[in-house]
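In the text below, chain A, chain B and the rest are named by the order of the sequence lines, each starting its count at 1.
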Protein chains: 2
Amino acid sequence: MAEANLKKAIYKQLSRIGKAVASSPRLELLDLLCQSPRTVEALAREAGLSVANTSQHLQVLHAARLVDARKEGLFVTYRLADQQVCEFYRTLRTLAESRLAEIEAIVRQFNQGRESMEAVEKQALLERVRRADVIVLDVRPTEEYRAGHIPGAVSIPLRELEAHLSKLSRRRKIVAYCRGPYCVLAVEAVKLLRAKGFRAVRMEQGVPEWRAEGLPVAVGEEAK
Amino acid sequence: MAEANLKKAIYKQLSRIGKAVASSPRLELLDLLCQSPRTVEALAREAGLSVANTSQHLQVLHAARLVDARKEGLFVTYRLADQQVCEFYRTLRTLAESRLAEIEAIVRQFNQGRESMEAVEKQALLERVRRADVIVLDVRPTEEYRAGHIPGAVSIPLRELEAHLSKLSRRRKIVAYCRGPYCVLAVEAVKLLRAKGFRAVRMEQGVPEWRAEGLPVAVGEEAK
DNA sequence: CCATTAATCAATCGAACATTTGAATAGCGG
DNA sequence: CCGCTATTCAAATGTTCGATTGATTAATGG
């Protein structure tokens with residue numbers, strides 16, 4: 001019966017994508033690649049995996065055609081095969097958030113004992129940046145900033161923040177963001193800034209969320 | 001370091017969804033549940049799996065909160081936990097179609113040697129149904145028709161089609177549809193109808209695709 | 001309350017997977 | 001062309017997964 005074979009063959013193909021996102025290290029790698037392309041070593045470092053292990057996971061993602069690899073000199077740079085992959089990852093995350101109560105519990109537990117962060121409405125934000133009303137601060141590593149950031153944002157990676165406080169105005173309000181709702185970089189940044197007497201809030205959205213809402217994203221270095 | 005644990009814990013939760021869709025039988029079950037709720041036995045029959053095996057796969061889907069189980073008398077009826085699950089499944093399928101060239105190849109190979117089916121534009125279809133210009137024919141099992149169908153569609157399951165040809169007008173054009181692009185019911189129906197001298201075409205879209213485009217879907221029995 | 005039917009559970013076995021380790025490859029820079 | 005580095009490959013580990021089988025539970029009807 002040819003029809004049964006057709007269906008089985010198609011479901012098997014679909015499951016290739018499923019298998020690719022069935023492991024937490026691979027999801028973490030995908031998340032990082034949604035921010036910017038990276039070398040194997042950089043991915044391994046960020047995700048806290050061994051290089052060999054990272055390489056193998058990346059090959060699984062590559063076999064499912066979710067990422068592309070390109071050799072650039074001595075390094076192999078991996079990147080999302082398509083922006084659609086990021087959209088798919090975000091759909092998965094949204095579904096998980098709404099279906100798995102466990103996620104909310106984890107986030108709540110983590111946020112316990114921390115200052116609650118004011119929600120920032122992104123619609124008004126761009127306008128306020130243009131009016132020099134607020135400073136939007138991108139605290140991710142610089143290569144992620146270069147791969148895409150909120151227009152007008154200033155790049156100071158979290159590690160360098162303490163050393164570069166003089167770049168920031170104490171008069172203006174600071175809106176810090178990082179990779180997205182589950183990234184802690186901006187939380188840490190706000191904690192530091194407040195301790196130093198700045199007025200700072202965290203924006204939960206990262207660049208992928210920003211992009212998904214159809215808002216503009218700038219690439220490259222920002223004119224200072 | 002609490003931040004690493006937070007991330008690991010979240011990716012682990014996300015991978016629960018991934019694992020749920022990492023197996024072809026489970027994807028087939030999800031696909032069927034996108035059409036209508038069903039008992040374990042019915043799902044096993046449609047998917048060609050043993051009852052015990054089906055039950056276990058359904059429990060995996062349930063553990064990932066993608067489906068709900070409700071005991072109704074002697075039977076357990078499984079249904080999608082949320083319409084969002086169907087949307088996620090369709091996103092996965094769309095991604096697979098665009099990323100995995102293998103899928104296109106499988107479908108092309110299957111369609112080889114069959115009469116090419118005219119593409120039906122759904123925008124105009126509802127209007128033509130209202131004008132009694134065409135007959136829209138739903139050839140899925142009746143319980144799927146009852147769970148949701150295209151407004152104005154007539155329900156004749158493929159198996160009963162040959163015995164009920166007298167219900168259909170030879171003057172009007174027939175547009176047959178089934179579960180979606182990878183379902184062969186409508187292909188078979190069109191083949192039969194054409195052999196019997198009817199003017200019939202297949203519409204690739206099924207009810208989930210129809211619904212996803214925001215077009216109206218009717219439920220229950222249709223007034224004849 | 002016993003027989004029947006639907007579904008699940010429990011145990012099993014082989015296949016597939018994740019991670020680690022150490023070796024191999026490929027592109028540079030001297 | 002030699003040594004260095006980034007990455008991949010290959011083998012070996014323990015673990016998890018998938019399907020089958022037979023037993024068990026739960027609801028129903030006599």
Side-chain angles (χ1 to χ4, degrees), chain A residues 4 7-9 11-30 32-33 36-64 66-79 143, chain B residues 4 7-9 11-30 32-33 36-64 66-79 143:
Chain A
K7 283 207 291 187
K8 299 291 177 203
Y11 290 122
K12 191 142 181 217
Q13 292 300 320
L14 298 188
S15 75
R16 288 173 63 187
I17 309 277
K19 285 189 216 297
V21 294
S23 118
S24 28
R26 283 199 287 273
L27 286 166
E28 182 159 11
L29 294 173
L30 266 189
L32 289 167
L33 289 173
S36 75
R38 251 174 262 250
T39 66
V40 179
E41 200 188 16
L43 287 164
R45 190 172 353 101
E46 292 273 6
L49 301 171
S50 77
V51 171
N53 194 6
T54 304
S55 172
Q56 296 204 166
H57 280 305
L58 287 169
Q59 282 170 64
V60 173
L61 291 173
H62 185 71
L66 298 186
V67 305
D68 275 345
R70 197 190 314 162
K71 187 136 195 175
E72 291 169 349
L74 205 47
F75 298 81
V76 176
T77 301
Y78 279 87
R79 68 196 68 233
E143 75 260 28
Chain B
K7 284 207 291 188
K8 299 289 177 203
Y11 291 122
K12 191 140 183 220
Q13 292 299 320
L14 297 187
S15 75
R16 287 173 65 186
I17 309 277
K19 286 189 216 298
V21 294
S23 118
S24 27
R26 283 199 287 274
L27 285 166
E28 182 159 10
L29 294 173
L30 265 190
L32 288 167
L33 289 173
S36 73
R38 252 174 261 252
T39 65
V40 178
E41 200 188 16
L43 287 164
R45 192 175 348 103
E46 292 272 6
L49 301 171
S50 76
V51 171
N53 194 7
T54 303
S55 173
Q56 294 201 169
H57 280 304
L58 288 169
Q59 280 169 65
V60 173
L61 291 173
H62 185 72
L66 299 186
V67 304
D68 275 345
R70 197 190 315 161
K71 186 135 196 176
E72 290 169 349
L74 203 47
F75 298 81
V76 176
T77 301
Y78 278 86
R79 68 196 69 231
E143 74 261 28

Is any side-chain nitrogen or oxygen of [X] closer than 4.0 Å to OP1 or OP2 of [N]?
X: A/S50; N: C/dT20; answer: yes
X: A/Y78; N: D/dT8; answer: yes
X: A/N53; N: C/dT19; answer: yes
X: A/S55; N: D/dT7; answer: no
X: A/H57; N: C/dT19; answer: yes

Q | Selection from D/dT20, C/dT8, D/dA26 that lies nearest to any side-chain heavy atom of B/K71 | A |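 Nearest to the side chain of B/K71 among the choices is D/dA26.
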Q) If you check every side-chain atom of B/A52, which of C/dA6, C/dC9, D/dT8 has the closest atom? A)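 Among C/dA6, C/dC9, D/dT8, the one nearest the side chain of B/A52 is C/dC9.
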Whole angstroms only, please: what is the [atom1]-[atom2] distance between [X] and [N]?
X: A/E72; N: D/dT7; atom1: CD; atom2: P; answer: 11 Å
X: A/E41; N: D/dA6; atom1: CD; atom2: P; answer: 5 Å
X: A/Q59; N: C/dC17; atom1: CD; atom2: P; answer: 14 Å
X: A/L74; N: D/dG3; atom1: CG; atom2: C1'; answer: 13 Å
X: A/F75; N: D/dC4; atom1: CZ; atom2: P; answer: 17 Å
X: A/K19; N: C/dA15; atom1: NZ; atom2: P; answer: 16 Å
X: A/R70; N: C/dG27; atom1: CZ; atom2: C1'; answer: 17 Å
X: A/L27; N: C/dA18; atom1: CG; atom2: P; answer: 12 Å

Q) Under a 4.5 Å cut-off applied to non-hydrogen side-chain atoms, are A/K19 and B/K19 in contact? A)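 No, their side chains stay 4.5 Å or more apart.
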Q.
Regarding A/R70 and A/E72, does a basic nitrogen lie under 4.0 Å from an acidic carboxylate oxygen?
A.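 A/E72 and A/R70: salt-bridged.
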Q: For B/T54, answer base if it contacts any base atom (sugar-phosphate contacts may also be present), sugar-phosphate if it contacts only those atoms, and nothing otherwise; contact means non-hydrogen atoms under 4.0 Å.
A: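 The answer is nothing, as B/T54 stays clear of every strand by at least 4.0 Å.
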Q) Base, sugar-phosphate alone, or nothing: which one does B/Q56 contact when heavy atoms must sit under 4.0 Å apart? A)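 If one applies the 4.0 Å heavy-atom cut-off, B/Q56 turns out to touch a base.
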(Q) On DNA chain C, compare the nucleotides closest to B/V76 and A/L49; which residue's is nearer the 5' end? (A)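 Whichever sits nearer the 5' end wins; that is B/V76.
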Q. Name the one of A/H62, A/R26, A/E28 that satisfies side-chain hydrogen bond (donor to acceptor under 3.5 Å, both in side chains) with A/H57?
A.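 When side-chain hydrogen bond (donor to acceptor under 3.5 Å, both in side chains) is applied between A/H57 and each of A/H62, A/R26, A/E28, only A/R26 qualifies.
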Q: Kindly say whether A/V76 contributes a backbone atom to a donor-acceptor pair with the side chain of A/K71 at under 3.5 angstrom?
A: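 The answer is no, because no donor-acceptor pair under 3.5 Å joins these two groups.
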Q.
I need the B/E143 CD to B/T39 OG1 distance, nearest 0.5 Å.
A.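 The OG1 atom of B/T39 is 8.5 Å from CD of B/E143, to the nearest 0.5 Å.
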